[in-house]
Amino acid sequence: MIWKGVIEAYRPFLPVTPTTPVVTLLEGNTPLIFSPRLSAKVGRDCKVHIKYEGLNPTGSFKDRGMTVALSLAVERGARHVICASTGNTSASAAAYAARAGIRCVVLLPFGKVSKGKLAQALMYGAKCVTVEGNFDDALRLVREIGKDKTFAIMNSINPDRIEGQKTAAFEIIETLGEAPDFHFLPVGNAGNITACWRGYCEWHAAGRSKKRPRMVGFEAAGAAPIVHDAVVEKPSTVATAIQIGNPASWKGAVEARDASNGLIGAVTDQEILAAQSWLASHEGIFVEPASAASIAGLLKCVESEGRPAESILLAPGSSIVCTVTGHGLKDPDTAIANSGEAIPCGPTVAAVLKIIGK
Ligand SMILES: *Cc1c(COP(=O)(O)O)cnc(C)c1O
C-alpha cells in the first residue's frame, strides 16, 4: 500500500470528516528500529526498539499532530496559524502552513531555539518573532492572541494536535503485532506521552492489542515540574525542546503515568548528552538532545534498579519501545560542542596515518 500520511492511514480514529481538506507532507510511517546494543545493555532478554520520529518531514514527531491540526484549522476557516515554540512546533507549523497556503506566526523564546529549527521556520516562510522570556511566557501570549478566532493555535493545547500524535502508538502496535510492555519517551509539554497513551487505550479498546504498555516519561532535571509536582519558574536544560516549566498537558501525563502503572522521572543534562552520543555512535541513530532523554531514562532505570522514584522494574523478556522525538541535525551546535573538533592535518598520506594511528 502506498503511504498517504497519518490522516489517510488512520482516518476512522481521527476527528476528520470526508470533506476535511487534508494538509499533509506524508508524515508518519517512521521506522521502528531494533537496537541490539541497547537491548544488550538492558540485558535479561529484553528487546528494545527505537521509534525514530526524527524521520518525519520536518524532522520531529510534531508533524503527526500538525497534519490534523492544520487540516481542521483550514476547514474551520482560519486565516493565520500561531504557535509558541522551542523550535520543532514552529518548524512543523510553518511547513504545514506553507503547504496549506496560509500565514504562520511563531513566537520563539529568546536565545532558546537551536539553529536547525530556526532555519526551518524562516525558510518555510513563517513570521518569526523572538520574545523576551521563556517558552511559558511565549505560550501565554499565544493564548491571548488566539482569542481572536481568525488565529488558530498550533500548540498542543490544541486538542487536534494530540489526536494526530496518538498515531505513533498505532504504528508501534502494527509493527510489533502487539503493544510493548514499556514505552519510554521524553516529556516537555507532555502532549506526546498523553497522546501515545490515548492511542494505546483506543486500540486496546478496539481489540487491536491485548495489552497496554507502562508509560515511562523523562523530564530534564533542570525542567522537571511533573517530577517535583511544582511549576519550575526558570527551567534550564541543554535539551531545549523539553525546557518547559509548566507543561500544557500536565494532567494528561499524570493520568497516563498512573493509569498505566508507569513512571515520570528526571535525567540530568550530562546523562542526556551521554545517551545522545552513545546512541549515535553505537546504533547509528542521531537524535537531538531532548530525544535522548528517553534513552537516558531507560539506562537510568537499568542502573538504579530497585531504587524508587527513578526506577521501574524491567521484567525479563520485556518488549521496550523508546521514542526518539527529533533529528540530530536540528541542533548541530550542541552536537559539535560535545563531541570535539575534527583534527587538522596536512595534505599527505603520512600525516593522515599518523593521526589515525595506523
Ligand atoms: C516537542 C518535543 C518534545 C516534547 O514533547 P511534549 O509533547 O511537549 O512532551 C521532545 N522532544 C522533541 C524533539 C520535541 O520536539
Side-chain angles (χ1 to χ4, degrees), residues 27 30 51-66 69 83-93 95 106 108-109 112-114 116-118 120-121 135-136 139 154-159 161-166 168-169 183-199 215-220 223-227 235 237-254 256-257 264 266-267 272 275-276 279 285-297 322-331 334-335:
E27 61 296 313
T30 55
K51 184 68 169 162
Y52 194 8
E53 291 288 275
L55 296 189
N56 274 295
T58 76
S60 85
F61 74 86
K62 299 297 198 294
D63 296 339
R64 294 179 183 277
M66 214 52 78
C83 64
S85 179
T86 59
N88 282 332
T89 295
S90 57
S92 186
V106 306
L108 306 167
K112 303 276 168 56
V113 176
S114 68
K117 301 175 190 179
L118 183 58
Q120 287 182 292
F135 171 83
D136 303 291
L139 184 59
M154 289 296 120
N155 284 100
S156 58
I157 53 174
N158 176 339
R161 282 267 314 276
I162 306 290
E163 286 295 308
Q165 286 172 202
K166 74 189 179 190
H183 187 155
F184 283 72
L185 69 184
V187 173
N189 261 308
N192 210 26
I193 190 170
T194 303
C196 287
W197 175 241
R198 185 181 300 171
M215 302 300 291
V216 189
F218 276 88
E219 299 184 304
I226 300 177
V227 171
T237 168
V238 67
T240 49
I242 53 173
Q243 185 164 295
I244 306 288
N246 189 8
S249 298
W250 194 322
K251 220 173 122 235
V254 168
R257 177 193 68 193
I264 294 180
V267 281
I272 287 171
Q276 181 196 21
L279 190 67
I285 298 173
F286 181 27
V287 303
E288 68 170 285
S291 308
S294 58
I295 309 296
C322 294
T323 296
V324 292
T325 42
H327 202 286
L329 291 173
K330 293 272 191 180
D331 189 356
T334 303

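All heavy atoms count here, side chains included; hydrogens, waters and symmetry mates do not. Counting convention: from 1, in listed order, for ligands and their atoms alike. From a predicted model like this one, the values you see are computed outputs, not experimental measurements.
Look at Arg198 and Glu163 and you find a salt bridge, because one of the NZ, NE, NH1 or NH2 atoms lies within 4.0 Å of a carboxylate O, short of that distance.
The one candidate from Thr325, Thr323, Thr30 that meets the side-chain hydrogen bond (donor to acceptor under 3.5 Å, both in side chains) condition with Lys51 is Thr30.
Panel note: side chain Thr240, backbone Val113; no donor-acceptor pair is recorded below 3.5 Å. Under the 3.5 Å distance criterion, the side-chain polar atoms of Ser294 are matched with a main-chain donor or acceptor of Ser291.
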At less than 3.5 Å, what protein N or O atoms come close to the N or O atoms of ligand 1? Include the distances to 0.1 Å.
unit_1   : atom_1 : unit_2 : atom_2 : d
ligand 1 : 7 (O)  : Gly191 : N      : 3.1
ligand 1 : 7 (O)  : Asn192 : N      : 2.8
ligand 1 : 8 (O)  : Asn189 : N      : 2.7
ligand 1 : 9 (O)  : Gly188 : N      : 2.8
ligand 1 : 9 (O)  : Asn189 : N      : 3.3
ligand 1 : 9 (O)  : Ala190 : N      : 2.8
ligand 1 : 11 (N) : Thr325 : OG1    : 2.7
ligand 1 : 15 (O) : Lys62  : NZ     : 2.6
ligand 1 : 15 (O) : Asn88  : ND2    : 2.7

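Using the six-membered ring where Trp is involved, Phe286 and His327 have ring planes that are perpendicular, over 60° apart on the 30 and 60° scheme.
In terms of heavy atoms, Ile226 sits closest to Ala190 at CD1-CB, 4.2 Å.
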